[in-house]
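Accompanying notes for the structure given below.
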There are 2 protein chains.
Amino acid sequence: MLTKDELPECPVATTVQLIGSKWKLLIMRNLMMRPWRFNELKKSLEGISQKVLTDSLRSIEEDGLITRTVYPEVPPRVEYALSDLGETMRPILDAMQEWGTNYKNGTI
Amino acid sequence: MLTKDELPECPVATTVQLIGSKWKLLIMRNLMMRPWRFNELKKSLEGISQKVLTDSLRSIEEDGLITRTVYPEVPPRVEYALSDLGETMRPILDAMQEWGTNYKNGTI
DNA sequence: CCGAATCCTTTTGGATACTG
DNA sequence: CAGTATCCAAAAGGATTCGG
């Protein structure tokens with residue numbers, strides 16, 4: 001979570017600070033559907049390395065956007081899910097999804 | 001402008017490909033208000049270097065999101081403005097602005 | 001004023017090997 | 001399965017200089 005003195009003046013800049021990068025946005029897009037396991041995310045996000053995925057997940061977890069649940073099984077199972085805060089970002093992802101759809105359609 | 005075979009399947013990925021980076025989003029946020037001059041943008045975007053600003057502007061210009069107009073004066077004046085396509089991204093930036101506002105307010 | 005070009009540092013990220 | 005650790009290559013980014 002960002003502390004108060006790290007928050008930029010502009011609200012957009014605040015948002016950008018949390019999810020203004022390629023992989024974080026794509027991870028959030030996935031988690032908008034349902035919880036995902038680590039390797040599931042890795043397969044889905046074509047081209048991402050394990051390191052980058054781990055780092056990205058840690059970062060947005062620290063920012064309180066997602067939760068990480070470890071199920072003590074063998075083999076281990078770890079699930080990533082949206083937090084309540086992360087859920088509030090849905091309108092942003094929806095807007096991006098709609099724009100991308102129209103763009104590909106040639107509607108715009 | 002992206003060609004058809006460069007477009008990813010997911011609409012969000014398409015959008016991310018165009019504006020999924022810190023500075024591009026902040027540039028678009030500014031241009032949502034009105035056209036801006038180069039040095040004006042540079043002053044507004046605290047911490048950006050001339051090179052990064054130039055590169056970012058070229059990139060989103062090539063993608064058709066903004067226009068670049070050179071006024072043949074002395075000293076030269078160059079204005080960057082939203083294209084019609086760029087204008088259609090307003091809902092995305094609006095969603096980010098609203099989220100950032102609520103986040104800073106502690107409303108969420 | 002608005003860059004392009006160059007050089008150089010810093011950061012990011014991929015590959016691999018290893019672990020509970 | 002879900003990581004961590006290490007090393008190294010690639011890319012991004014800063015500083016500076018120069019030009020129309």
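Labels below follow one simple rule: chain letters A, B, ... track the order of the sequence lines, proteins then strands, and each chain is numbered from 1.
- B:Ser83 contributes a side-chain N or O that, together with a main-chain N or O of B:Leu65, makes up a donor-acceptor pair within less than 3.5 Å.
- Here the P atom of nucleotide D:dA15 and the CG atom of B:Asp55 are 15 Å apart, to the nearest Å.
- Contact annotation: A:Tyr80 does not reach the phosphate of D:dC1 (side-chain N/O to OP1 or OP2, under 4.0 Å).
- Between the CG atom of A:Asn39 and the C1' atom of D:dG3 there is a distance of 9 Å, given to the nearest Å.
- Counting to the nearest Å, the P atom of D:dT4 and the CD atom of A:Gln50 are 9 Å from each other.
- Distance CD (A:Glu61) to C1' (D:dA2): 13 Å, rounded to an integer number of Å.
- The 5' end of DNA chain D is approached more closely, in terms of each residue's nearest nucleotide, by A:Arg68 than by the other of A:Arg68 and B:Trp23.
- In this structure, A:Lys22 places its NZ atom 13 Å from P of D:dA11, rounding to the nearest Å.
- A donor-acceptor distance shorter than 3.5 angstrom exists from the side chain of A:Arg90 to the backbone of A:Met32, with no hydrogens or angles considered.
- Proximity note for A:Pro76 (side chain, C-beta onward) versus C:dC1, C:dG20, C:dG3: the nearest is C:dG20.
- For the side chain to side chain contact (heavy atoms under 4.5 Å, CB included) with B:Phe38, the lone residue among B:Gln50, B:Arg77, B:Lys43, B:Glu79 that qualifies is B:Gln50.
- Rounded to a whole Å, the CG atom of A:Leu57 is 7 Å from the P atom of D:dG3.
- Toward the 5′ end of DNA chain C lies the nearest nucleotide of B:Glu79, the other residue of the pair A:Lys51 and B:Glu79 mapping further downstream.
- The side chain of A:Thr54 lies closest to D:dT4 when the candidates are C:dT6, C:dG3, D:dT4.
- Screening A:Leu45, A:Ile66, A:Leu31 for a side chain to side chain contact (heavy atoms under 4.5 Å, CB included) involving A:Trp36 leaves a single residue, A:Leu31.
- Closest to the B:Arg58 side chain, of the nucleotides D:dG20, C:dG3, D:dG14, is C:dG3.
- When rounded to the nearest whole Å, the span between NZ of B:Lys43 and P of C:dC2 equals 9 Å.
- Here the nucleotide nearest the side chain of A:Val78, chosen from C:dG13, C:dC1, D:dG3, is D:dG3.
- Note on A:Arg37: every side-chain N or O is 4.0 Å or more away from OP1 and OP2 of D:dC1.
- Taking atom CG on B:Leu45 and atom P on C:dC2, their separation rounds to 14 Å, with Å as the unit.
- Contact check for B:Thr107 versus B:Thr101: no side-chain heavy atoms found under the 4.5 Å cut-off.
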